[in-house]
Asks: 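Shown below is the structure under consideration.
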Amino acid sequence: MVQSSVLGFPRMGALRDLKKANEAYWADKITQEALLAEAKRLRLAHWKIQKDAGVDIIPSNDFAFYDHVLDHIQLFNAVPERYTSQKLSPLDEYFAMGRGHQKGGVDVPALEMVKWFDSNYHYVKPTLQDNQTFSLAKDPKPVREFLEAKEAGFQTRPVLVGPVSFLALGKADRGSSVNPITLLDKLVPVYVELLKALKAAGAETVQIDEPVLVFDLSPEVKAAFKPAYEAIAAAGSAVPSVVVATYFGDIVHNFDVLPAFANAQGIHVDLVRNPEQLEPVIKQLGPNQILSAGVVDGRNIWKNDFQKSLGLLQTAIKALGADRVIVATSSSLLHTPHTLASEKKLPTDVYEWFSFASEKVKEVAILAKAVTDAESVRAELDANAAAMKARAESARTNDPKVKERQSQVTEEMHNRKTAFDNRYAQQKTHLSLPLFPTTTIGSFPQTSEIRVQRNKFTKGEISEEQYDDFIKKEIDYAIQIQDELDLDVYVHGEPERNDMVQYFGERLQGYVFTTHAWVQSYGSRCVRPPIIVGDISRPAPMTVKESKYAASVSKKPMKGMLTGPVTCLRWSFPRNDVHQSVQCQQLALALRDEVVDLEKNGIFVIQVDEPALREGLPLRKGSERDAYLKWAVNSFKLATAGVEDSTQIHSHFCYSEFQDFFHAIAALDADVLSIENSKSDAKLLKVFIDEDYPRHIGPGVYDIHSPRVPPESEFIQRIQEMLEFLRPEQLWINPDCGLKTRKWDEVKGALTSMVKAAKYFREKYANKA
Ligand SMILES: CN1c2c(nc(N)[nH]c2=O)NC[C@@H]1CNc1ccc(C(=O)N[C@@H](CCC(=O)N[C@@H](CCC(=O)N[C@@H](CCC(=O)O)C(=O)O)C(=O)O)C(=O)O)cc1
Ligand SMILES: N[C@@H](CCS)C(=O)O
Ligand SMILES: [Zn+2]
């Protein structure tokens with residue numbers, strides 16, 4: 001019999017229940033016991049959904065209050081001393097690492113949070129010391145949750161982040177220089193102890209995620225697999241069987257590592273992303289090893305194409321036999337929304353094209369049946385074939401006018417009129433900016449009042465006029481605060497936007513959007529990616545009204561604020577029937593019109609955010625990366641190059657480790673860049689000197705993910721560090737990212753200190769001149 005398996009289920013719940021419970025706990029509105037009870041309720045509900053769907057292998061320990069990598073930091077007692085010394089409860093210590101803690105006399109910043117591979121999910125980076133030790137936490141979470149499931153009648157397969165990936169995804173703490181992978185010898189015994197505890201609790205198999213296997217690995221990281229997995233194998237029947245899981249890429253280039261897994265029960269590979277790895281992987285398996293075939297997409301919302309998946313599965317079964325094949329999701333379903341059943345407003349034809357987490361688990365179970373006994377699921381197979389056909393033939397997907405415009409794009413449409421030096425001279429006179437100009441990244445706090453009013457407007461409880469008036473007042477307030485703070489380039493604060501991508505999706509032709517399809521982005525924060533279903537175009541200006549109004553009531557330059565084409569693409573659910581470069585160019589043309597319209601309406605600083613540009617970079621170096629960079633950079637340039645030289649184009653990158661990516665950022669030719677940097681080593685900015693970067697840069701000086709308000713001295717120190725690597729005349733002072741998740745008092749406190757620090761340096765350098 002072919003078994004079905006799910007690698008992980010979304011944690012938030014159908015109504016973002018976990019988000020609400022976490023936030024209530026942080027605001028002291030519910031007790032720790034109430035939060036724990038809610039988490040248990042969600043875990044049980046999610047196991048039940050999978051069991052009811054007929055899934056054979058159901059994961060446990062895929063739940064996390066904040067992030068699963070952070071769970072492992074605590075699980076292995078790899079918590080930096082600055083947190084343990086605070087003597088917080090384990091849960092509060094955990095949240096302190098995730099989001100910082102500034103309460104009851106405790107003041108610790110959060111650990112660094114970065115992108116999870118090429119997804120829009122963010123994980124907390126293990127931060128390790130030169131003298132790092134590991135030990136197993138008391139009452140280890142994977143054991144606790146396994147037993148919780150067992151007691152409720154669910155036999156689960158615990159999911160762990162593998163020892164090599166855990167270290168390879170980590171970094172040395174500030175002040176330490178340890179190469180994390182050299183700590184393997186210390187970590188592995190703890191890992192074995194954990195596996196023994198799981199076995200003792202009754203776990204027969206564990207899923208050990210080693211997703212770093214899809215990267216180009218350094219020799220040291222490659223060499224780490226063998227001792228780690230040999231030590232696990234040496235524990236024999238004292239530990240559960242192991243399935244090593246990889247996803248988001250292929251592992252063919254790391255086949256020399258596979259002997260390390262000779263004693264594993266099986267290997268999981270992502271056959272949605274890389275179906276071509278199927279046959280080579282089959283050849284690498286040992287005589288009894290199982291293939292977990294990831295055929296149901298964990299990263300998108302399109303209904304599975306059963307015919308295609310069955311083709312792959314038949315190939316696997318032919319080579320290995322039915323007993324050695326598991327039908328699985330390609331990755332955890334963490335990246336998909338909870339259930340399609342909540343969507344009441346989708347056009348009915350389109351509804352049939354989608355499948356969210358709760359539907360995907362059914363797909364996995366159906367495929368497992370279909371592969372050996374198609375007749376037992378004939379109705380499901382026929383319905384699936386009909387849905388595939390209907391989508392392929394739908395008129396929604398194709399707009400000849402968009403195609404016509406794309407055919408007229410020329411090379412010169414990608415370039416500004418002249419080079420930066422000349423442009424900047426014009427911008428300087430036009431905008432009269434001081435040395436160390438201060439600005440923010442766009443959004444100001446999205447207060448509950450803003451959300452309530454938008455919700456009322458969406459439901460038709462207030463008129464468009466009432467909503468517009470409300471937004472105008474919010475803009476007025478944002479400007480008043482910026483006057484008081486004495487910032488140099490203003491923003492309107494984005495109060496009208498639900499989300500920087502969803503907002504544009506809702507204004508573009510070719511998209512559909514959902515009402516409940518939330519996906520966790522980080523911690524308690526979720527996004528509701530709009531879905532691209534057809535060719536994209538802009539029926540009308542999208543942001544001009546608010547920016548024009550803001551400029552009319554502002555005494556300083558007002559920055560227009562757009563989300564760039566690559567980010568719109570990546571943070572939407574893209575089509576899977578047209579190459580992403582085509583979708584991106586369509587977005588670029590729509591945004592180009594918006595940029596030109598903003599300029600026509602008196603907005604002479606325009607920021608086009610591209611935080612997802614780095615995220616989209618193919619995970620391995622090589623031709624695929626080069627091709628991506630070419631079309632991604634061209635899309636940004638196409639979107640922004642339609643303006644006069646005197647108009648200043650900014651771009652913004654958060655969550656972007658930019659070393660391997662520097663040339664792409666430079667190629668955008670943006671006049672000013674802002675990058676997230678407050679929690680990274682300022683040394684990373686050295687690349688800007690080494691590469692002789694000519695344009696302006698604002699490395700973030702304020703960690704906007706944390707409620708913590710940094711003092712002025714911290715800003716001064718940070719700017720001083722940055723000046724070791726950047727020229728004073730190219731340095732802008734700004735936060736890491738937008739301020740929508742912060743409260744007004746935090747923002748006012750932090751920006752007051754930020755502006756004071758900028759003025760301190762302005763004075764210092766004016767005296768020098
Ligand atoms: C910059 N980032 C973003 C990423 N991806 C995006 N798509 N957008 C981003 O901004 N990736 C990288 C980072 C990740 N950072 C963030 C930061 C903040 C959030 C966030 O705050 N998410 C909000 C939801 C935002 C939203 O869409 N809000 C809507 C709906 C609000 C709502 O909950 N309404 C209620 C009813 C109203 C009420 O009574 O309160 C409801 O629907 O039930 C809106 O404002 O209209 C979050 O709350 O998690 C995400 C990623
Ligand atoms: N302009 C956006 C960028 C976020 S990446 C904001 O400020 O929220
Ligand atoms: Zn940002």
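For ligands, and for the atoms within them, numbers begin at 1 and follow the listed sequence. Each residue takes its place number in the sequence, starting with 1. In what follows, every heavy atom counts, from backbone to side chain, and hydrogens, waters and symmetry copies are set aside.
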Asks: Output yes when the distance from some N or O of ligand 1 to some N or O of Lys20 is under 3.5 Å, and no in every other case.
Replies: no
Asks: To the nearest 0.1 Å, how far is atom 15 (N) of ligand 1 from its closest protein heavy atom, and which atom is that?
Replies: Tyr522 CE2, 3.3 Å
Asks: In plain terms, say whether Arg507 and Glu594 are close enough for a salt bridge, that is, a side-chain N and a carboxylate O under 4.0 Å apart.
Replies: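 No, this pair does not count.
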Asks: Quick one: which ligand 2 atoms are inside 4.0 Å of a heavy atom on Cys737?
Replies: 4 (C), 5 (S)
Asks: Within ligand 2, which atoms have a heavy atom of Met561 less than 4.0 Å away?
Replies: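 It comes down to these atoms of ligand 2: 1 (N).
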Asks: Relative to ligand 1, is Met500 under 4.0 angstrom through side chain, backbone, both or neither, heavy atoms considered?
Replies: side chain
Asks: Decide, yes or no, whether a salt bridge links Lys679 with Asp736 under the criterion of side-chain N to carboxylate O below 4.0 Å.
Replies: no
Asks: For ligand 1, find out whether one of its N or O atoms is nearer than 3.5 Å to an N or O atom of Trp571.
Replies: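 No, Trp571 has no N/O under 3.5 Å of an N/O on ligand 1.
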Asks: Which atoms of ligand 2 are found less than 4.0 Å from any heavy atom of Cys654?
Replies: 5 (S)
Asks: Could you find the nearest protein heavy atom to atom 31 (C) of ligand 1 and give me its residue, atom name and distance?
Replies: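 Answer for atom 31 (C) of ligand 1: Arg451 CD, 3.5 Å.
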Asks: For His46 and His338, take the angle between the two ring planes, folded into 0 to 90°, and tell me which bin it lands in: parallel under 30, tilted 30 to 60, perpendicular over 60.
Replies: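 The rings of His46 and His338 sit tilted, inter-plane angle from 30° to 60°.
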Asks: Pick one of side chain, backbone, both or neither for how Val527 approaches ligand 1, counting any non-hydrogen atom pair under 4.0 Å.
Replies: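 Under 4.0 Å from ligand 1, Val527 contributes side-chain atoms alone.
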Asks: Nearest protein heavy atom to atom 6 (C) of ligand 2, by residue and atom, and its distance?
Replies: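 Looking only at protein heavy atoms, the one closest to atom 6 (C) of ligand 2 is Ser443 OG, 3.3 Å.
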Asks: Give the residue, atom name and distance (to 0.1 Å) of the protein heavy atom nearest atom 46 (O) of ligand 1.
Replies: Arg454 NE, 2.6 Å
Asks: Select the closest option to atom 42 (O) of ligand 1 among Arg16, Arg528, His516, judged by heavy-atom distance.
Replies: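 Closest candidate by heavy-atom distance is Arg16.
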Asks: Can you list the ligand 2 atoms lying under 4.0 Å from a non-hydrogen atom of Lys740?
Replies: 8 (O)
Asks: Could you tell me whether some N/O pair between Lys19 and ligand 1 is separated by less than 3.5 angstrom?
Replies: yes
Asks: Can you check the angle at the Zn ion (ligand 3) formed by NE2 of His652 and SG of Cys737? Round it to the nearest 10°.
Replies: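 With the Zn ion (ligand 3) as the vertex, the angle is close to 120°.
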Asks: Within a distance under 4.0 Å of any heavy atom of Met500, pick out the atoms of ligand 2 and give their elements.
Replies: 3 (C), 4 (C), 5 (S)
Asks: Can you check which of Cys568, Ser521, Ala612, Cys737 brings a heavy atom nearest to atom 14 (C) of ligand 1?
Replies: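 Closest candidate by heavy-atom distance is Ser521.
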Asks: Measure up the His68 and Tyr121 rings against each other and bin them: parallel (under 30°), tilted (30 to 60°), perpendicular (over 60°).
Replies: parallel
Asks: Relative to each other, are the rings of Tyr66 and Trp26 parallel, tilted or perpendicular (30° and 60° limits)?
Replies: tilted
Asks: Does the pair Asp297/Lys360 count as a salt bridge with the N-to-O cut at 4.0 Å?
Replies: no
Asks: With rounding to the nearest 0.5 Å, note down the distance linking CG in Asp468 to CD in Glu546.
Replies: 7.0 Å
Asks: Return yes when Cys526 approaches ligand 1 closer than 4.0 angstrom through a heavy atom, no otherwise.
Replies: yes
Asks: Using a 4.0 Å cutoff against the non-hydrogen atoms of Pro611, which atoms of ligand 2 qualify?
Replies: 5 (S)
Asks: With a cut-off of 4.0 Å, which atoms of ligand 2 are near a heavy atom of Gly442?
Replies: 7 (O)
Asks: Are Lys740 and Glu494 close enough for a salt bridge, meaning some N to O gap below 4.0 Å?
Replies: no
Asks: Do the side chains of Lys125 and Asp67 get close enough for a salt bridge, i.e. N-O under 4.0 angstrom?
Replies: no
Asks: Taking only heavy atoms of Asp609 into account, list the atoms of ligand 2 that are under 4.0 Å away from them.
Replies: 1 (N), 2 (C), 3 (C)
Asks: Judging by distance only, is a nitrogen or oxygen of Thr741 under 3.5 angstrom from one on ligand 1?
Replies: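 The answer is no, given that Thr741 and ligand 1 share no N or O pair closer than 3.5 Å.
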Asks: Is there a nitrogen or oxygen of Arg497 sitting under 3.5 Å from a nitrogen or oxygen of ligand 1?
Replies: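 No - when backbone and side-chain N and O of Arg497 are compared with those of ligand 1, no distance drops under 3.5 Å.
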Asks: Which word best sums up how the rings of Phe63 and Phe65 line up, parallel for under 30°, tilted for 30 to 60°, or perpendicular for over 60°?
Replies: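 Judged by the thresholds at 30° and 60°, the geometry between Phe63 and Phe65 is perpendicular.
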Asks: Could you tell me if the ring centre of Trp744 sits under 6.0 Å from that of Phe444?
Replies: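 Centroid separation for Trp744 and Phe444: below 6.0 Å.
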Asks: With rounding to the nearest 0.5 Å, note down the distance linking CZ in Arg11 to OG in Ser332.
Replies: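 Rounded to the nearest 0.5 Å, the CZ-OG separation comes out at 6.5 Å.
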Asks: Is the gap between the ring centers of Phe436 and Trp732 under 6.0 Å?
Replies: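 Centroid distance Phe436-Trp732: not below 6.0 Å, so no.
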